[in-house]
**Student:** 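Right, I'll just put the structure down here and ask away after.
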Amino acid sequence: MNQPEDWEVIILGAGASGLMCAATAASRGRRVLVVDHARRAGEKIRVSGGGRCNFTHLDAAPHHYLTTDPDFVRAVLNHLPPEAFLARLRRHGIQTVEKTPGQLFCADSAERIVSMLLQECQKGRVRLLLDHAIQQIQPQASGFQVVTNRGTWTTQALVVALGGCSMPKLGASSLGYTLARQFGLKVGPIRPGLTPLTFDATLRALCQELTGIALQATLECAGMRFTDDLLFTHRGLSGPAVLQISSYWRPGMELRIDLTPGRDLLSLLAQAKTEEPGIFLRTFLSRFLPKRLAMQRILQAGGDGRLAEIGDRRLRVLADLVNRWTLTPNGTGGFERAEVTVGGVATAEMDPATLACRKHPGLHFIGELLDVTGWLGGYNLQWAWSSGHAAGLAV
């Protein structure tokens, strides 16, 4: 029987954090093997940002992450801050665009970033084994043994970069958490993050009537508040504002929506009732909301009419339906429609300088597997780059 081939570093997972770790370690002269069950590397990178890869946010900082340890997040981000990754892209001639302040995308295709990482890996003679299902990890006296359906390898340092459970259609699984538990690490509860919210049949019917309407709104839940685009779909509510708040929402929690952020509708109605008493409610409200949505809110408040003919109580009901629309989701789009996984391997188990397990110095966990989840806008990929780079410098 042939002896397993020995490597200095084996990385499980050929996603954003895994490829960054591999390129970084190889640039230091380390012999690196990357193993993944997927048939192509970097699939989640390819679909990020609608195919243009929202690869970072220049304002990446701990307050943009769900975490129990902001200092841990700060230390890891400092290993490779957004400006450093942006400089890397420029060295490769990759053009970028800024969609909103600080939110950066590839000017053409996300494929450019995947190609950059693969080129860096190739330059460092990283061996990439795709379509290899990981079956078993065994600790050894001087490292670890990795068993797959197509071969067995040994390594001095093992980096687990298998990602979370979001986007199972791209091959996501819970294997990384299983491995963490195998080595006695604490793994907190996980749930879908940056995912649409679902509602009961009544609200779904309302949303179906309004499908296609998009507007800026403020959503509040669990002490958090986000102002961004809200989208009505045939399934419920989606759009950036919903995706952001979904990471904080828990079953049973109420969601409050302000459909005219920055405008106190009751005050505006009172002013208009004095200055434009003959104006119809639908005409007035359509100044601030799409017409279909304005009419729906008016009908729910009791119907249309001239402002002079409508009592103050009904106007208060309408104002509440616009500025303080309160509803309770009955679920989320699940991991199938989630962009990230919230929760995971406890950061207390890890050394922020190396991303190595405190209990097992040669074992590293990086990327989405850790209990660190970024907001929408490039923060999660920045976490992947930074944590992958930190581990790559240490293995």
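Here the structure is a predicted model, which means the values were calculated and not measured.
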**Student:** Between S246 (side chain only) and L243 (backbone N and O only), is there a donor and an acceptor less than 3.5 Å apart?
**Tutor:**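 Yes, the answer is positive, given that a donor and an acceptor are paired below the 3.5 Å cut-off.
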**Student:** Quick check: do Q244 and L219 have side-chain heavy atoms less than 4.5 Å from each other?
**Tutor:**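 Heavy-atom side-chain distance check fails, nothing below 4.5 Å.
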**Student:** First locate atom OG1 of T283, then atom CG of L281, and finally report the distance between them rounded to the nearest 0.5 Å.
**Tutor:**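 Answer for the OG1-CG pair, T283 versus L281, is 9.0 Å.
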**Student:** Tell me whether L206 is reachable from I213 by hopping between hydrophobic residues (I, L, V, M, F, W, Y) whose side-chain heavy atoms are closer than 4.5 Å.
**Tutor:**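 They do share one cluster, since a chain of ILVMFWY contacts under 4.5 Å joins I213 to L206.
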**Student:** Does the side chain of F365 come within less than 4.5 Å of L185's, by heavy atoms?
**Tutor:**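 L185 reaches F365 side chain to side chain.
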**Student:** Give a yes or no on whether Q122 atom CD has more than 12 heavy-atom contacts from other residues, nucleotides or ligands under 6.0 Å away.
**Tutor:**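 Counting other residues, nucleotides and ligands, CD of Q122 stays at 12 neighbours or fewer.
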**Student:** Answer yes or no: are there more than 12 heavy-atom neighbours, outside Q95 itself, under 6.0 Å from its atom CD?
**Tutor:**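 12 or below, so no.
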**Student:** On a heavy-atom basis, which atom in S238 and which in T233 lie closest, and how many Å separate them?
**Tutor:**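 It is CB-CG2, 4.1 Å.
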**Student:** What pairs with R324 under salt bridge (charged side-chain N to carboxylate O under 4.0 Å, His left out), at least two apart in sequence or on another chain?
**Tutor:**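 Once residues adjacent in sequence are excluded, the partners of R324 under the salt bridge (charged side-chain N to carboxylate O under 4.0 Å, His left out) criterion are D320.
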**Student:** Is there a donor-acceptor pair closer than 3.5 Å between any side-chain N or O of R337 and the backbone N or O of S166?
**Tutor:**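 Flag not set: sc R337 to bb S166 has no pair under 3.5 Å.
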**Student:** Over 60° means perpendicular and under 30° means parallel, so tell me whether Y65 and Y379 are parallel, tilted or perpendicular.
**Tutor:**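 Rings of Y65 and Y379: perpendicular, as their planes differ by over 60°.
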**Student:** Keeping T373 on the side-chain end and T341 on the backbone end, is there a donor-acceptor pair under 3.5 Å?
**Tutor:**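 Flag set: sc T373 to bb T341 pair under 3.5 Å.
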**Student:** Return a table of donor-acceptor pairs under 3.5 angstrom between the side chains of residues 223-232 and protein atoms on other chains or two or more places apart.
**Tutor:**
from	atom 1	to	atom 2	distance (Å)
R225	NH1	E220	OE2	2.9
T227	OG1	T218	OG1	2.6

**Student:** With no hydrogens and no angle check, just 3.5 Å: does a side-chain donor-acceptor pair link T347 and D69?
**Tutor:**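 Side chains of T347 and D69: no pair found under 3.5 Å.
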**Student:** Examine the side chains of N54 and Q103 and answer whether a donor and an acceptor come within less than 3.5 Å of each other.
**Tutor:**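 The answer is yes; a qualifying pair exists.
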**Student:** Between the side chain of T96 and the main-chain N/O of C106, is any donor-acceptor distance below 3.5 Å?
**Tutor:**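 The answer is no, because no donor-acceptor pair under 3.5 Å joins these two groups.
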**Student:** Are W385 and M116 grouped together when hydrophobic residues (ILVMFWY) are joined by side-chain heavy atoms under 4.5 angstrom apart?
**Tutor:**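 Yes, same cluster.
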**Student:** Look up atom CG in L355 and atom CG in D351, then write down how far apart they are to the nearest 0.5 Å.
**Tutor:**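 Output value for this atom pair is 8.0 Å.
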**Student:** Tell me whether the rings of W383 and F72 are parallel (<30°), tilted (30 to 60°) or perpendicular (>60°).
**Tutor:**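 Tilted: the ring planes of W383 and F72 meet at 30° to 60°.
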**Student:** Applying the 4.5 Å side-chain criterion to the ILVMFWY set and letting contacts propagate, would L203 and L210 be lumped into a single cluster?
**Tutor:**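 Same cluster: L203 reaches L210 through Ile, Leu, Val, Met, Phe, Trp or Tyr contacts under 4.5 Å.
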**Student:** Tell me which donor-acceptor pairs under 3.5 Å the side chains of residues 291-302 have, and how far apart each pair is, sequence neighbours excluded?
**Tutor:**
from	atom 1	to	atom 2	distance (Å)
R292	NH1	E209	O	2.8
R292	NH2	T211	O	3.3
Q296	NE2	Q300	OE1	3.1
R297	NH1	L321	O	3.0
R297	NH2	Q300	OE1	2.8

**Student:** To the nearest 0.5 Å, what is the distance between OG (S247) and CG (L376)?
**Tutor:**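 That separation rounds to 8.5 Å.
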**Student:** Distance-only, no hydrogens or angles: does the T148 side chain make a donor-acceptor pair with backbone N or O of G151 under 3.5 Å?
**Tutor:**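 A pair under 3.5 Å: yes.
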**Student:** Could you go through the side chain to side chain donor-acceptor pair (under 3.5 Å) check for S115 and Q119 one step at a time?
**Tutor:** CA-CA 6 Å; S115 296; Q119 288 170 16; 5.1 Å; no
**Student:** Please report the shortest heavy-atom distance between P352 and A75, naming the atom on each side.
**Tutor:**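 Closest approach of P352 to A75: CB-CB, 4.0 Å.
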**Student:** Treating T155 as the side-chain partner and L158 as the backbone partner, does any N or O pair qualify as donor plus acceptor under 3.5 Å?
**Tutor:**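 No, because the side chain of T155 does not come within donor-acceptor range (under 3.5 Å) of the backbone of L158.
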**Student:** Would you please test H389 and T24 for side chain to side chain donor-acceptor pair (under 3.5 Å) and show each step?
**Tutor:** CA-CA 6 Å; H389 185 72; T24 304; 3.3 Å; yes
**Student:** A26 and G124: which non-hydrogen atoms are nearest, and at how many Å?
**Tutor:**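 For A26 and G124, the tightest heavy-atom pair comes out as CB-O, 3.6 Å.
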**Student:** Take R31 and D6, measure what salt bridge (Lys or Arg N to Asp or Glu O under 4.0 Å) needs, and give me the verdict at the end.
**Tutor:** CA-CA 9 Å; R31 293 179 59 250; D6 184 54; 5.2 Å; no
**Student:** Just how far is it from atom CD1 of I11 to atom CE of M20, taken to the nearest 0.5 Å?
**Tutor:**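 If I round to the nearest 0.5 Å, the distance is 11.5 Å.
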**Student:** Go through R235 and T198 one step at a time and tell me if the side chain to side chain contact (heavy atoms under 4.5 Å, CB included) criterion holds.
**Tutor:** CA-CA 7 Å; R235 294 179 177 177; T198 59; 5.8 Å; no
**Student:** Could you check whether any side-chain heavy atom of V340 comes within less than 4.5 Å of a side-chain heavy atom of E368, counting everything from C-beta outward?
**Tutor:**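 SC-SC contact between V340 and E368 confirmed.
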**Student:** Indicate yes or no: at least one non-hydrogen side-chain atom of L197 is less than 4.5 angstrom from one of L255.
**Tutor:**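 Yes, their side chains come closer than 4.5 Å.
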**Student:** Is any side-chain N of the basic residue among D108 and R112 closer than 4.0 Å to the acidic one's carboxylate O?
**Tutor:**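 Salt bridge present between D108 and R112.
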**Student:** Can D258 and R263 be said to form a salt bridge (Lys or Arg N to Asp or Glu O under 4.0 Å), step by step?
**Tutor:** CA-CA 9 Å; D258 183 352; R263 292 189 176 98; over 6 Å; no
**Student:** Search all heavy atoms of W7 against all heavy atoms of V32 and return the closest pair with its distance.
**Tutor:**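 Smallest heavy-atom distance, with atoms named: CZ3-O, 3.4 Å.
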**Student:** Evaluate the side chain to side chain contact (heavy atoms under 4.5 Å, CB included) criterion for residues V34 and C121: first the C-alpha distance (whole Å), next the side-chain angles of each, then the deciding distance (0.1 Å), finally the verdict.
**Tutor:** CA-CA 10 Å; V34 178; C121 286; 5.7 Å; no
**Student:** Can you tell if the side chain of V159 reaches within under 4.5 Å of the side chain of L12, non-hydrogen atoms only?
**Tutor:**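 They are not in side-chain contact.
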**Student:** Check whether any side-chain heavy atom of I45 lies under 4.5 Å from a side-chain heavy atom of L117, and answer yes or no.
**Tutor:**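 They are in side-chain contact.
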**Student:** Counting C-beta onward and ignoring hydrogens, is there a side-chain heavy-atom pair between I134 and L162 closer than 4.5 Å?
**Tutor:**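 I134 reaches L162 side chain to side chain.
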**Student:** Can you check whether H132's main-chain N or O pairs, donor with acceptor, with N149's side chain at less than 3.5 Å?
**Tutor:**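 It does not hold such a pair.
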**Student:** Closer than 3.5 angstrom, by distance alone: can the side chain of D59 be matched with the main-chain N or O of G102 as a donor-acceptor pair?
**Tutor:**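 Answer holds: no.
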**Student:** Assess whether a salt bridge exists between E5 and R127, defined as any Lys/Arg side-chain N lying under 4.0 Å from an Asp/Glu carboxylate O.
**Tutor:**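 Yes, charged N to carboxylate O under 4.0 Å.
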**Student:** Give a yes or no answer on whether the side chain of R256 reaches the backbone of L327 with a donor-acceptor pair at less than 3.5 Å.
**Tutor:**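 Judged by distance alone, no pair lies under 3.5 Å.
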**Student:** According to the interplanar angle, ranging from 0 to 90°, do the rings of F183 and F144 count as parallel (below 30°), tilted (30 to 60°) or perpendicular (above 60°)?
**Tutor:**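 Perpendicular.
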**Student:** Can you hop from L393 to V126 via hydrophobic side chains spaced under 4.5 Å?
**Tutor:**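 Each belongs to a different hydrophobic cluster.
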**Student:** On the ring face of F280, is R282 found with NZ or CZ under 6.0 Å from the centre and within 45° of the axis?
**Tutor:**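 Judged by the rule (NZ or CZ under 6.0 Å from the ring centre, within 45° of its axis), R282 counts as positioned above F280.
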**Student:** If you group Ile, Leu, Val, Met, Phe, Trp and Tyr by side-chain heavy-atom gaps below 4.5 Å, do V97 and L89 land in one group?
**Tutor:**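 No.
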**Student:** Apply side chain to side chain contact (heavy atoms under 4.5 Å, CB included) to the pair L129 and W153, showing each step before the final yes or no.
**Tutor:** CA-CA 11 Å; L129 297 180; W153 296 268; 3.4 Å; yes
**Student:** Evaluate the side-chain proximity of P277 to L307: yes if any heavy-atom separation is below 4.5 Å, no if none is.
**Tutor:**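 Answer no - side chains too far apart.
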**Student:** Is it the case that the side chain of N323 and the backbone of L265 share a donor-acceptor pair, with hydrogens and angles ignored and the cut-off at 3.5 Å?
**Tutor:**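 Yes: the side chain of N323 pairs with the backbone of L265.
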**Student:** Where do Y177 and G344 come nearest, in terms of heavy atoms and distance?
**Tutor:**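 Heavy atoms of Y177 and G344 come nearest at CE2-CA, 3.7 Å.
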**Student:** So, are E120 and R88 salt-bridged, with charged N and O less than 4.0 Å apart?
**Tutor:**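 Looking at E120 and R88, the cut-off is met.
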**Student:** Applying the salt bridge (charged side-chain N to carboxylate O under 4.0 Å, His left out) test to E349, which of K359, R181, R358 qualifies?
**Tutor:**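 When salt bridge (charged side-chain N to carboxylate O under 4.0 Å, His left out) is applied between E349 and each of K359, R181, R358, only K359 qualifies.
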**Student:** Can you name the closest pair of heavy atoms from G334 and T195 and give their distance?
**Tutor:**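 Between these two residues, the closest heavy atoms are O-OG1, 3.5 Å.
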